[in-house]
Amino acid sequence: MLLVAFVTLLVAVALQPLPSVLSLDVHLLRQLAAKHNVTSILVFGDSSVDPGNNNFIKTEMKGNFPPYGENFINHKPTGRLCDGLLAPDYIAEAMGYPPIPAFLDPSLTQADLTRGASFASAGSGYDDLTANISNVWSFTTQANYFLHYKIHLTKLVGPLESAKMINNAIFLMSMGSNDFLQNYLVDFTRQKQFTVEQYIEFLSHRMLYDAKMLHRLGAKRLVVVGVPPMGCMPLIKYLRGQKTCVDQLNQIAFSFNAKIIKNLELLQSKIGLKTIYVDAYSTIQEAIKNPRKFGFVEASLGCCGTGTYEYGETCKDMQVCKDPTKYVFWDAVHPTQRMYQIIVKKAIASISEEFLV
């Protein structure tokens, strides 16, 4: 994450091509991160931030096969449901670190542990029922694996240093879409219990509870990524038989994001948790409405297969577009690494040095 000192620079380059987050003044970023002992990133959430934990879980929610990873290091499919890097990977890159590893990755090294890990699981959400539907890790399970991480870190650097590193880490949460798209809107369990408005409120309470849990486990800084414009996903438009975004679903996402923002303000004022909200909704919607502003050519279809319905298993071994950097979506659900770059770049401008103190 960058700091307020970068804002002037970011405004100047906001509309320029973004070959890499490293095109920014990362020397200053790394200096400031070192000054405030920000050495690790700890990630919780769904497929937007899962670098491959689901590879080691008995679930169909995977992406450890081609064409996923086409633009990753050595063209390797890692389990990231993307053509390359995810948003946390770009944050790590800007801090001078390699991509964020999955906690379950057997190749995880001691050096990796000191830089953080992702406990995210594709298919998860704030509602534990969402994870159960896809047989993936709920947030509660992710938090339990974080406790295992703390044990490993303590053995490596000692209890005092371990606690210090956890306190100085950037915690990141990114989920919520699956709670609607794979749970409420397709499963009758929650529909029988809640209206849409009540379910949004239920998820808001779950999100608040999860954030407080991370605070109890040592989090001092929390970044939360909002839900994207779900109605603009190619798959949703295909299922609804529409060529334009489904306004009803976008309104649900917008309403839930408003709850997230209020929760973060509450967490900051009541328990002193330093928080940042990443507005993925507006950034993706802006790219869809005005793709050429960001160098995109295709904002309606995914790069994989027909671009209308393929994701996960249905994207496996499919032909892909020639240039994913021109596409907002990699498959019919998930953004390209180029879109993640832009989300990170936009988020960077909202960070103040106060967040890292």
Enquirer: Atom OH of residue position Tyr149 - does it have more than 12 heavy atoms of other residues, nucleotides or ligands inside 6.0 Å?
Expert: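 Check passes, neighbour count above 12.
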Enquirer: Could you go through Gln337 and Tyr90, starting from their C-alpha distance and side-chain angles, then the distance that decides it, and tell me whether this counts as side-chain hydrogen bond (donor to acceptor under 3.5 Å, both in side chains)?
Expert: CA-CA 9 Å; Gln337 71 166 2; Tyr90 281 114; 3.2 Å; yes
Enquirer: Checking Ile252 now: which residues fulfil side-chain contact (heavy atoms from CB on, under 4.5 Å) with it, not counting sequence neighbours?
Expert: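 Ile252 satisfies side-chain contact (heavy atoms from CB on, under 4.5 Å) with Phe180, Val196, Ile200, Met230, Leu249 only.
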Enquirer: Test Arg80 against Thr78 for side-chain hydrogen bond (donor to acceptor under 3.5 Å, both in side chains), laying out the working first.
Expert: CA-CA 6 Å; Arg80 290 168 173 82; Thr78 59; 3.0 Å; yes
Enquirer: So which heavy atom on Cys245 is nearest to which on Ile288, and how close?
Expert: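 Smallest heavy-atom distance, with atoms named: SG-CG2, 4.5 Å.
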Enquirer: Suppose we call two aromatic rings close when their centres sit under 6.0 Å apart. Are Tyr145 and Phe119 close by that rule?
Expert: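 Not close enough - the centres of the two rings lie 6.0 Å or further apart.
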Enquirer: Sulfur to sulfur, is the gap between Cys321 and Cys304 shorter than 2.5 Å?
Expert: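 No, Cys321 does not link to Cys304 through a disulfide.
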Enquirer: State, to 0.1 Å, how close Glu70 and Val320 come at their nearest heavy-atom pair, and which atoms those are.
Expert: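 Nearest heavy atoms, Glu70 then Val320: OE1-CG2, 3.1 Å.
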Enquirer: Should we count NZ of Lys150 as having more than 12 external heavy atoms under 6.0 Å?
Expert: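 It does: Lys150 NZ has more than 12 such atoms within range.
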Enquirer: For Lys326 and Gly295, work out which heavy atoms get closest and say how close.
Expert: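 The pair with the smallest heavy-atom distance is CD-O, 3.4 Å.
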Enquirer: Which heavy atom in Ile100 sits nearest to a heavy atom in Ser118, and how many Å separate them?
Expert: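 Nearest pair, atom of Ile100 first, then Ser118: CG2-N, 3.6 Å.
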Enquirer: Taking the side chain from Thr59 and the backbone from Met61, do they hold a donor-acceptor pair closer than 3.5 Å?
Expert: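 Such a contact is found between Thr59 side chain and Met61 backbone.
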Enquirer: Does CZ in Arg216 sit with more than 12 non-hydrogen atoms of other residues, nucleotides or ligands closer than 6.0 Å?
Expert: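 Above 12, so yes.
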Enquirer: When the ring centroid of Tyr184 is compared with that of Phe202, is the distance short of 6.0 Å?
Expert: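 Between Phe202 and Tyr184, which both carry aromatic rings, the centre distance is not below 6.0 Å.
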Enquirer: Hey, are Arg206 and Asp179 close enough for a salt bridge, meaning a charged N less than 4.0 Å from a carboxylate O?
Expert: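 Between Asp179 and Arg206 there is no salt bridge, as every charged N stays at least 4.0 Å from the carboxylate O atoms.
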Enquirer: For Val227, is there any backbone N or O sitting under 3.5 Å from a side-chain donor or acceptor partner on Asn257?
Expert: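 Confirmed, Asn257 side chain pairs with Val227 backbone.
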Enquirer: Walk me through it: do Phe44 and Leu222 pass the test side chain to side chain contact (heavy atoms under 4.5 Å, CB included)?
Expert: CA-CA 11 Å; Phe44 304 80; Leu222 177 64; over 6 Å; no
Enquirer: Can you check whether Lys76's main-chain N or O pairs, donor with acceptor, with Asn74's side chain at less than 3.5 Å?
Expert: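 No; zero donor-acceptor contacts below 3.5 Å.
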Enquirer: What pairs with Ser300 under side-chain contact (heavy atoms from CB on, under 4.5 Å), at least two apart in sequence or on another chain?
Expert: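 For Ser300 the side-chain contact (heavy atoms from CB on, under 4.5 Å) partners, ignoring immediate neighbours, are Lys237, Glu298.
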Enquirer: Is the count of non-hydrogen atoms from other residues, nucleotides or ligands lying under 6.0 Å from His75 atom NE2 greater than 12?
Expert: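 Counting other residues, nucleotides and ligands, NE2 of His75 stays at 12 neighbours or fewer.
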Enquirer: If you draw a 6.0 Å radius around CD in Glu161, do more than 12 non-hydrogen atoms from other residues or ligands fall strictly inside?
Expert: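 Yes, CD of Glu161 has more than 12 neighbouring heavy atoms, counting only those of other groups under 6.0 Å.
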Enquirer: Tell me, yes or no, whether the heavy-atom count around Gln251 atom CD, taken from other residues, nucleotides or ligands under 6.0 Å, exceeds 12.
Expert: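 Yes.
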Enquirer: Does Ser174 reach the main-chain N or O of Val225 with its side chain, forming a donor-acceptor pair under 3.5 Å?
Expert: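 No, because the side chain of Ser174 does not come within donor-acceptor range (under 3.5 Å) of the backbone of Val225.
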Enquirer: Taking the side chain as C-beta and beyond, is there a heavy-atom pair between Val344 and Gln341 under 4.5 Å?
Expert: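 A side-chain contact is absent here, since even the closest heavy-atom pair is not under 4.5 Å.
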Enquirer: Identify the two heavy atoms, one from Asp50 and one from Ala122, that lie closest to each other, and give their separation to 0.1 Å.
Expert: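 Shortest heavy-atom separation between Asp50 and Ala122 comes out as OD2-N, 2.9 Å.
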Enquirer: Contact between Leu108 and Leu113 at the side-chain level, heavy atoms closer than 4.5 Å - yes or no?
Expert: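 Yes. Closest side-chain heavy atoms under 4.5 Å.
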Enquirer: Is there a side-chain contact between Pro335 and Tyr340 (heavy atoms, below 4.5 Å)?
Expert: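 A side-chain contact under 4.5 Å exists here.
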Enquirer: If every non-hydrogen atom of Asn167 is compared with every non-hydrogen atom of Arg221, which pair is closest and at what distance?
Expert: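 Nearest pair, atom of Asn167 first, then Arg221: O-NH1, 3.8 Å.
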Enquirer: Is atom CZ of Phe194 surrounded by more than 12 heavy atoms (other residues, nucleotides or ligands) closer than 6.0 Å?
Expert: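 Result for CZ/Phe194: enclosed.
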Enquirer: Determine whether a donor-acceptor pair (N or O, by modelled atom type, separation under 3.5 Å) exists between the side chain of Thr114 and the backbone of Ala111.
Expert: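 Between the backbone of Ala111 and the side chain of Thr114 there is a qualifying donor-acceptor contact (under 3.5 Å).
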Enquirer: Crowded around Tyr311 OH? As in, over 12 foreign heavy atoms under 6.0 Å?
Expert: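 No, OH of Tyr311 has 12 or fewer neighbouring heavy atoms, counting only those of other groups under 6.0 Å.
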Enquirer: Side chain of Ser124, backbone of Trp137: donor and acceptor closer than 3.5 Å?
Expert: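 Indeed, once roles are kept as given, a pair shorter than 3.5 Å links the two residues.
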Enquirer: Please determine which of Asn183, Asn178, Asp46 meets the side chain to side chain donor-acceptor pair (under 3.5 Å) test together with Thr130.
Expert: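 Single pass found, and it is Asn183.
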Enquirer: Residues in disulfide (SG to SG under 2.5 Å) with Cys82, at least two apart?
Expert: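 Scan of Cys82 (disulfide (SG to SG under 2.5 Å), adjacent residues dropped) gives none.
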